[in-house]
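To start, the structure itself, in structure tokens.
A note on names: the letters A, B, ... follow the listed sequences, proteins ahead of strands, and every chain is numbered from 1.
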2 protein chains.
Amino acid sequence: MPRQQVIDHDAGEPVWLQLTAILRHQIETAQIGRGKLLPSIRTLMQTYEVSDGTVKRALAQLKADGLVDSVPGRGYFVL
Amino acid sequence: MPRQQVIDHDAGEPVWLQLTAILRHQIETAQIGRGKLLPSIRTLMQTYEVSDGTVKRALAQLKADGLVDSVPGRGYFVL
DNA sequence: ATAGATTTGTTCGTATGTATA
DNA sequence: GTATACATACGAACAAATCTA
């Protein structure tokens, strides 16, 4: 598996936007197939070493963009 | 007596103080009854079109004044 | 059937950086 | 230089929905 993209806290771009871009790329390149669940918020926190709120903000953006949807108690899945 | 309902960013008075006055008035006139929750910080941000920090500062003042108390994960309620 | 674990969703608390007046 | 205001970021608590043992 290729090396994961990494968050740059010192970049000008907000962390939550960087994470949005990373996840969007994974979806658009079908690294996460349609209908598949994304990693949980807690997992994403650990993977990218960002906070709870930052992950939620990134996922909310993807949902607003219509790339994913979410179900409480289940997770986020690719549309 | 005129009652302020909107924030005037061009007024001399700080926005957070204007918001404090608005909320204090709503509490003292029992528009928000005892024990009731105030609108959330996020809601107040949207309602008055001010930032997160500004709402928090106003609420902190009301709490310091003993008009409200707060519970993390729940909200601010009228004393 | 119910108890526990996991997950999303919402909330407050604190801190930092940037811009502006 | 100080105070205000906004945006970002992290942290934590609470609740409800879901799944499973």
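- Side-chain heavy atoms closer than 4.5 Å link hydrophobic residues (I, L, V, M, F, W, Y) into clusters, and following such links, possibly through other members, connects Met45(A) to Leu19(A).
- Rounding to the nearest 0.5 Å gives a distance of 11.5 Å between CD1 of Ile41(A) and OG1 of Thr54(A).
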Polar atoms only, N or O, under 3.5 Å: list the protein pairs with nucleotides 7-14 of chain D and their distances.
residue, atom, partner, partner atom, Å
dT8(D), OP2, Arg57(A), NH1, 3.4
dT8(D), OP2, Arg57(A), NH2, 2.5
dA9(D), OP1, Val15(A), N, 2.4
dA9(D), OP2, Val15(A), N, 3.2
dA9(D), OP2, Trp16(A), N, 3.3
dC10(D), OP2, Ser51(A), N, 3.2
dC10(D), OP2, Ser51(A), OG, 3.2
dC10(D), OP2, Thr54(A), OG1, 2.5
dA12(D), N6, Asp52(A), OD2, 3.4

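- A heavy atom lying under 4.0 Å from DNA chain D marks none of the residues of residues 35-42 of chain A.
- The list of salt bridge (charged side-chain N to carboxylate O under 4.0 Å, His left out) pairs with a residue in residues 53-63 of chain A, not counting sequence neighbours, reads Asp52(A)-Lys56(A), Lys63(A)-Asp69(A).
- Read 5' to 3', the first and last nucleotides of DNA chain C with an atom closer than 4.0 Å to a heavy atom of chain A are dT7(C) to dT10(C).
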Would you please test Leu23(B) and Val68(B) for side-chain contact (heavy atoms from CB on, under 4.5 Å) and show each step? CA-CA 10 Å; Leu23(B) 295 174; Val68(B) 302; over 6 Å; no
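- Note on residues 21-36 of chain A: pairs passing salt bridge (charged side-chain N to carboxylate O under 4.0 Å, His left out), not counting sequence neighbours, are Arg24(A)-Asp65(A).
- The nucleotide dA13(D) finds its pairing partner in dT10(C), both defining distances of the Watson-Crick or G-U wobble pair being shorter than 3.5 Å.
- Residue pairs satisfying the salt bridge (charged side-chain N to carboxylate O under 4.0 Å, His left out) criterion with at least one member in residues 41-50 of chain B, sequence neighbours excluded, are absent.
- At distances below 3.5 Å, at least one donor-acceptor pair connects side-chain atoms of Gln18(A) with backbone N or O atoms of Asp8(A).
- Taking the side chain as every heavy atom from C-beta outward, Val78(B) and Leu67(B) never approach each other to under 4.5 Å.
- Between His25(B) atom NE2 and Ile32(B) atom CD1 the span is 11.5 Å, to the nearest 0.5 Å.
- Rounding to the nearest 0.5 Å gives a distance of 12.0 Å between OH of Tyr76(B) and CG of Leu37(B).
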